[in-house]
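Here the structure is a predicted model, which means the values were calculated and not measured. Along the sequence shown, the residues carry numbers beginning at 1.
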Amino acid sequence: PMVVSQTGQGFLLKWGRDEEYESDELGVRYMVRAGYDPRGQIEVMKILRDSMEGGSRPPEWLSTHPYPENRIANLEAHIEKHYAATQNNPEYGEFASRYRERFLDPLKK
């Protein structure tokens with residue numbers, strides 16, 4: 001019974017991590033539709049990563065959320081594959097300072 005319980009828990013945790021990756025990718029889609037540079041989401045993950053530095057954390061397979069480093073890598077690959085046209089595009093650049101002021105700067109406080 002204990003093995004079955006632990007296996008089931010491991011399956012559910014992986015499912016939770018997969019859902020987090022999916023939500024990251026949906027967030028990118030919404031950012032692009034709103035006219036924001038989707039790389040802003042990577043900046044959020046960097047803030048998360050930096051806030052965890054020095055602390056202990058469980059192995060990723062025991063966590064409900066992927067490590068920020070892995071989320072960053074997934075986001076970079078997703079943006080490159082699906083939203084490369086938004087990169088270095090002045091249309092999205094105009095939203096960068098507004099995004100930083102409204103969303104990123106408050107997270108750093």
Side-chain angles (χ1 to χ4, degrees):
M2 185 174 176
V3 172
V4 172
S5 173
Q6 289 176 343
T7 302
Q9 182 180 8
F11 174 76
L12 292 175
L13 289 173
K14 181 190 181 321
W15 183 78
R17 290 188 301 276
D18 290 345
E19 295 297 310
E20 288 297 317
Y21 286 125
E22 181 181 13
S23 71
D24 291 346
E25 292 171 4
L26 287 171
V28 166
R29 180 190 311 174
Y30 302 145
M31 289 179 74
V32 169
R33 286 183 181 173
Y36 289 108
D37 181 345
R39 295 195 60 82
Q41 191 163 349
I42 293 170
E43 295 303 313
V44 171
M45 290 301 136
K46 288 180 180 177
I47 291 168
L48 249 163
R49 178 199 61 205
D50 294 347
S51 73
M52 298 173 80
E53 280 185 4
S56 64
R57 57 185 180 180
E60 188 175 38
W61 61 272
L62 283 176
S63 178
T64 57
H65 290 69
Y67 284 167
E69 301 83 22
N70 295 334
R71 293 175 80 174
I72 290 167
N74 186 67
L75 283 166
E76 288 173 339
H78 182 72
I79 291 168
E80 180 62 33
K81 181 176 180 181
H82 298 286
Y83 299 99
T86 66
Q87 302 310 289
N88 301 315
N89 184 332
E91 178 182 333
Y92 291 94
E94 71 184 71
F95 294 98
S97 63
R98 186 176 76 175
Y99 179 78
R100 183 166 304 289
E101 290 169 10
R102 274 186 84 186
F103 300 108
L104 295 180
D105 290 345
L107 288 174
K108 293 180 181 179
K109 293 180 181 180

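Counting heavy atoms from C-beta on, the side chains of Met45 and Glu69 never come closer than 4.5 Å. Considering only heavy atoms from C-beta on, Tyr83 comes within 4.5 Å of His78 through its side chain. Counting heavy atoms from C-beta on, the side chains of His65 and Arg71 come closer than 4.5 Å.
Closest heavy-atom contact between Arg49 and Pro68: CB-CB, 3.6 Å. In this structure, Met31 and Asp37 approach most closely via the heavy-atom pair CE-O, 3.3 Å. What you find for Ile42 and Glu76 is that their closest heavy atoms are CD1-CG, 3.5 Å.
No donor-acceptor pair closer than 3.5 Å links the side chain of Glu20 to the backbone N or O of Pro66.
The structure places CG of Asn70 at 10.0 Å from CZ of Arg17, a figure rounded to the nearest 0.5 Å. Separating the CG atom in Leu107 from the CG atom in Asp50 is a distance of 12.0 Å, to the nearest 0.5 Å. Here the straight-line distance linking atom CD of Glu43 with atom NZ of Lys46 works out to 4.5 Å at 0.5 Å rounding.
Under a hydrophobic clustering in which Ile, Leu, Val, Met, Phe, Trp and Tyr are joined whenever their side-chain heavy atoms come within less than 4.5 Å, directly or via other members, Tyr67 and Ile72 fall into different clusters. In the hydrophobic cluster analysis, where Ile, Leu, Val, Met, Phe, Trp and Tyr join through side-chain heavy atoms closer than 4.5 angstrom, Tyr21 is grouped apart from Val32.
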